[in-house]
Amino acid sequence: MKIRFEEKHIKWGLTAFLVVLCSIIVFFAIYRLRDVSEVINVILAILTPFIYGLVMAYLLCPVYNFTVRSIYALTKRVNVNIPRPLTVSKAVASLVSIIVLLVVITGILWMIIPGLVESIANIIQLLPDSMDSLRSWLDVKLVGWPEAQAVLNGWINNFTENAIAFVTERLLPEYSSIAAGISEGVMGVFNVVKNFFLGIIICVYFLNSKENFAAQMKKIIMAVFSRKAADEIVQGAHFTNRTFGGFINGQIIDSFIIGLICFIVMTLFGWEYTLLISCIIGITNIIPFFGPFIGAIPSALLLLMVDTRQCIYFVIFIIILQQFDGNILIPKIQGSSTGLASFWVLFAVLVGGGLFGFIGMVIGIPMFAVIYAYVSRAINNRLEKRGLATDLAEYKVDNYTVRRKTERMRPLKMRKRREKR
């Protein structure tokens, strides 16, 4: 008798084997956690150029797609017979995407590094005078509170002494030692540059072959899973891509607009470190929820070293700008792309940042939004199979509490009469 794979005992045996195998792998991973982490680090080091290329391709995909569509439509309009117009459109789009990437990275470095070096030098020179100005301003404002004046003066003196000591005794010697040991870190710098340029090449391959990669993955899914499960997986992949792409692209556009507004306002008021602070505000604004605070605190401290009034005006401006961003700009750009409540947004940012740092704070919200959507869908399907309501309002405790409270408030005779009926 021929035994088929679909028979029940074969399926149970395969399931039991897979469960035992997974248990052994998990036990080994926990027992030899250090060795496993070393193996993972080696694998990640090997795959670093591919990770760079995939991230670059994902971020440049809108630019690439727009350029391909525009060039291909232009080739169809002109009367000149261009051989293989789609190939030409992809080649031009790849070149445009790489130029955009290099221009953005070069521009960010050009705006941040010179301003950062200049700000550090100015802080060293202006810190004592700035602290004296701040102390004089506080003396005028706190004439009637001598105790508070003494406490604040003590804080300012300690801050000034510690800051100067940190810069002169620790930062500069560390910088000298780093400069003296540059020759030892040449290989590390070479690896970073090598991975970056390899990532650019891999990015071009990803951009030009993404349709083939998607078709190959769909082919594998259709071959391995049933038709219904394959359709579910493909739809889930489209939903995940739409959620991640919409959120990340929306955050980048929002951060660019916020940085531009900050630059315009600071230029109009003539504040110091306009370009550097605008870049800091724009870049840190990519991080949801905590990004505005992360960028505003060091920026305000920079202005505090120059002029106390500029610092106060800047803090007021940032508060207004973030209210505009959170209540008007982000809803216009992203709408309800994630569908998460404020509590889950905070949860996703904290957990993602704790696990993966800066990258986790950025991708934590779309990742949790996808998980939240799948869990909600699974729960709703289970409720529908049991004939229960899926609307959240049907399960709120408040309605039940009000009904029970109203029932208790009725007179005892009326309740007994109702029970008899």
Side-chain angles (χ1 to χ4, degrees), residues 55-56 59-60 62-63 66 96-127 130 133-134 246-335 337 349 358-359 361-363 365:
V55 172
M56 293 177 190
L59 295 177
L60 293 173
V63 177
F66 174 78
V96 170
S97 300
I98 298 305
I99 292 175
V100 169
L101 174 66
L102 295 177
V103 167
V104 170
I105 293 177
T106 305
I108 291 175
L109 295 178
W110 174 76
M111 289 185 291
I112 290 180
I113 293 178
L116 187 60
V117 174
E118 181 184 357
S119 64
I120 293 176
N122 290 338
I123 286 173
I124 297 175
Q125 295 178 358
L126 299 176
L127 185 60
S130 300
S133 300
L134 178 60
F247 179 81
I248 293 176
N249 293 331
Q251 283 293 113
I252 293 174
I253 295 172
D254 173 73
S255 299
F256 174 77
I257 295 174
I258 291 298
L260 182 62
I261 294 174
C262 183
F263 176 79
I264 294 173
V265 173
M266 293 188 69
T267 302
L268 291 176
F269 283 99
W271 295 341
E272 299 291 335
Y273 306 117
T274 301
L275 192 58
L276 176 62
I277 291 177
S278 300
C279 290
I280 294 174
I281 295 297
I283 293 173
T284 56
N285 199 73
I286 297 176
I287 302 175
F289 202 86
F290 294 106
F293 303 101
I294 296 174
I297 293 174
S299 302
L301 291 177
L302 282 176
L303 290 177
L304 182 63
M305 300 297 103
V306 179
D307 189 357
T308 306
R309 291 185 178 180
Q310 286 189 17
C311 176
I312 296 174
Y313 295 152
F314 173 77
V315 171
I316 296 173
F317 162 68
I318 288 296
I319 294 174
I320 298 173
L321 181 63
Q322 293 307 322
Q323 292 299 317
F324 165 76
D325 182 34
N327 297 318
I328 298 176
L329 190 58
I330 288 182
K332 290 292 183 182
I333 295 176
Q334 293 190 355
S337 59
V349 172
F358 175 81
I359 302 299
M361 296 181 76
V362 176
I363 68 172
I365 291 179

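One distance of note links CD1 of Ile294 with CD1 of Ile297; it measures 8.5 Å at 0.5 Å rounding. Atoms CG and CZ, from Leu268 and Phe263 in turn, are 9.5 Å apart once rounded to the nearest 0.5 Å. Within the model, atoms CG of Leu275 and SG of Cys262 stand 10.5 Å from one another, a figure rounded to the nearest 0.5 Å. The distance from atom CG of Leu260 to atom OG of Ser278, rounded to the nearest 0.5 Å, is 8.5 Å. Atom CD1 of Ile253 sits about 12.0 Å away from atom CD1 of Ile248, to the nearest 0.5 Å. In this structure, the separation between CG on Leu60 and CD1 on Ile99 is 11.5 Å, given to the nearest 0.5 Å.
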**Prompt:** Do Tyr273 and Met266 pass the side chain to side chain contact (heavy atoms under 4.5 Å, CB included) test, and can you show the C-alpha distance, the side-chain angles, and the key distance before you say yes or no?
**Reply:** CA-CA 9 Å; Tyr273 306 117; Met266 293 188 69; 5.6 Å; no
**Asked** Are Ile252 and Phe256 close enough, and set up right, to give a side chain to side chain contact (heavy atoms under 4.5 Å, CB included), and what steps lead you there?
**Response** CA-CA 6 Å; Ile252 293 174; Phe256 174 77; 5.6 Å; no
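Contact of the Phe314 side chain with the Leu302 side chain is not registered, since no non-hydrogen atoms from C-beta on lie closer than 4.5 Å. The side-chain heavy atoms of Leu321 and Val265, taken from C-beta on, include no pair separated by under 4.5 Å. By the 4.5 Å heavy-atom criterion applied to side chains, Asp325 and Ile261 are not counted as neighbours.
Phe269 pairs by the ring pair (Phe, Tyr, Trp, His ring centres under 6.0 Å) definition with Trp271, not counting sequence neighbours. Judged as a side chain to side chain contact (heavy atoms under 4.5 Å, CB included), and not counting sequence neighbours, the contacts of Ile316 are Ile312, Ile320.
The number of heavy atoms from other shown groups lying within 6.0 Å of CZ (Phe324) is above 12.
The minimum heavy-atom distance between Ile286 and Gln251, with the atom names listed, is O-NE2, 2.8 Å. Smallest separation of non-hydrogen atoms from Gly295 and Thr284: CA-OG1, 3.3 Å. Contact between Gly282 and Ser255 at its shortest, heavy atoms only, is O-CB, 3.0 Å. Annotation for Asn249 and Pro62: closest pair ND2-CG, 3.7 Å, computed over non-hydrogen atoms. The heavy-atom pair separating Leu101 from Met56 by the smallest distance is CD2-SD, 3.7 Å.
Screening residues 314-323 for side chain to side chain donor-acceptor pair (under 3.5 Å) gives Gln323-Asn327 as the qualifying pairs, with residues at least two apart or on separate chains.
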